[in-house]
Amino acid sequence: MKPGKQPPSAGAPSKSFRSLPTFRLEILSNLVVRQADLSYQRMFGMRTVECRILGVVGVCGPITLRRLCREIGVDKSHGSRMVTKLVADGLVERQADETDQRSFYLALTPAGRRMYGRIDAEAAAHNRVWIDALPAEHREIFLECLDRLTERSRAMLHDETAFGEARAAAAGGPPAATEPDRAPLLVDPDLARQLHRLLGALLDGEPAAGER
């Protein structure tokens with residue numbers, strides 16, 4: 001190495017990598033979760049995922065454990081451990097399934113319903129403050145972009161899962177359950193570009209184009 005020449009920083013993402021929409025979304029998601037964890041721990045003594053469980057059970061309950069885990073995006077063993085804690089805390093209760101003695105439903109206790117009301121009010125206030133970073137005329141575009149990109153991500157996950165299952169089957173591995181087929185989703189490039197621009201402005205702390 002020539003004298004005075006600095007080695008490249010190990011592990012530092014390249015500028016082009018940092019500009020990827022998925023990378024920027026991951027940064028945004030991590031910031032949102034970290035802030036929410038601190039806020040919910042301070043206000044309710046609970047982690048964000050526990051608050052989400054109360055929210056889903058409050059809206060959808062009585063609900064099966066399988067569906068709850070699917071709604072909050074965790075595996076069944078992890079979900080079961082968190083539910084067990086909330087049951088011990090007196091916020092969630094298990095209700096027997098009269099048609100299947102091996103199954104049960106999850107519902108909120110009276111204390112759980114009171115806690116859910118507090119969490120719901122705080123989440124609504126938090127989201128009003130968060131989305132207020134965008135001008136009113138951009139908010140619907142932003143939310144529509146989130147919906148479309150979420151569906152695209154689900155479709156891509158489905159395709160990747162199917163590819164892995166096919167490869168395992170070709171190698172003689174056990175077949176795995178497949179997700180139901182989904183129709184392909186067409187993402188409007190203009191909306192995707194607007195989402196990228198808006199998120200970039202948020203992450204960089206700069207006003208979006210047209211607001212300068």
Heavy-atom side-chain proximity of R148 to R152 below 4.5 angstrom = no
ask   = Is I119 linked to I63 within one hydrophobic cluster, defined over Ile, Leu, Val, Met, Phe, Trp and Tyr using a side-chain heavy-atom separation of less than 4.5 Å?
value = yes
**Report entry** Side-chain donor/acceptor of T109 to backbone N/O of E93, under 3.5 Å
**Finding:** no
For this session: State whether the side chain of S80 and the backbone N or O of K76 hold a donor-acceptor pair below 3.5 Å, judged by distance alone.
Result: no
For G79 and C69 the tightest heavy-atom approach is CA-SG, 3.8 Å
Heavy atoms of Y116 and L54 approach each other most closely as CD1-O, 3.6 Å
Exercise for review: Assess whether side-chain contact (heavy atoms from CB on, under 4.5 Å) is satisfied between R67 and C60, documenting all intermediate values.
Suggested key: CA-CA 10 Å; R67 183 184 170 194; C60 304; 3.8 Å; yes
CE of M156 to OG1 of T161, rounded to nearest 0.5 Å, is 11.5 Å
Rounded to the nearest 0.5 angstrom, the CD-CZ distance for E71 and R66 is 13.5 Å
d(D37 CG, T48 OG1) to nearest 0.5 Å is 3.5 Å
CH2 (W130) and CG (L31) are apart, to the nearest 0.5 Å, by 10.5 Å
_Taking A123's backbone N and O only, do any of them form a donor-acceptor pair with N127's side chain (distance below 3.5 Å, no angle check)?_
yes
Counting only heavy atoms not in F104 (residues, nucleotides, ligands), do more than 12 fall under 6.0 Å from its CZ? yes
On a heavy-atom basis, the closest approach of V83 and L106 is CG1-CD2, 3.7 Å
### Message
Side chains of R94 and T84, heavy atoms from C-beta outward: is any pair under 4.5 Å?
### Response
yes
Item to check | Cluster overlap V57 with L65, hydrophobic side-chain contacts below 4.5 Å | outcome: yes
Heavy atoms of R47 and Q41 approach each other most closely as N-OE1, 4.2 Å
Nearest heavy-atom contact between F44 and C51 is CD1-SG, 4.4 Å
Are V33 and V74 connected into the same hydrophobic cluster when the rule is that any two of I, L, V, M, F, W, Y join if their side-chain heavy atoms are below 4.5 Å apart?
no
> With hydrophobic residues grouped by side-chain heavy-atom distances under 4.5 Å, do M46 and V59 end up in a single group?
Replying inline: yes
| message | I'd like to know if K85 pairs up with D89 as an ion pair, taking the criterion as any Lys NZ or Arg NE/NH1/NH2 lying under 4.0 Å from an Asp or Glu carboxylate oxygen. | response | yes
Item to check | CA sep, side-chain torsions, deciding dist, call: E50, Y40, side-chain contact (heavy atoms from CB on, under 4.5 Å) | outcome: CA-CA 10 Å; E50 295 168 340; Y40 288 136; over 6 Å; no
I'd like to know if M115 and I72 are part of one continuous hydrophobic network [Ile/Leu/Val/Met/Phe/Trp/Tyr, side-chain heavy atoms within less than 4.5 Å]. yes
| said: Using side-chain contact (heavy atoms from CB on, under 4.5 Å), reason through I27 and F23 one step at a time and then give a plain yes or no. | reply: CA-CA 6 Å; I27 292 175; F23 181 78; 3.3 Å; yes
Practice prompt. May I ask you to check whether over 12 heavy atoms, not counting those of R34, lie within 6.0 Å of atom CZ?
Written response: no
TODO: Would you check, one step at a time, whether the test side-chain contact (heavy atoms from CB on, under 4.5 Å) holds for I141 with C145?
DONE: CA-CA 6 Å; I141 295 174; C145 286; 4.1 Å; yes
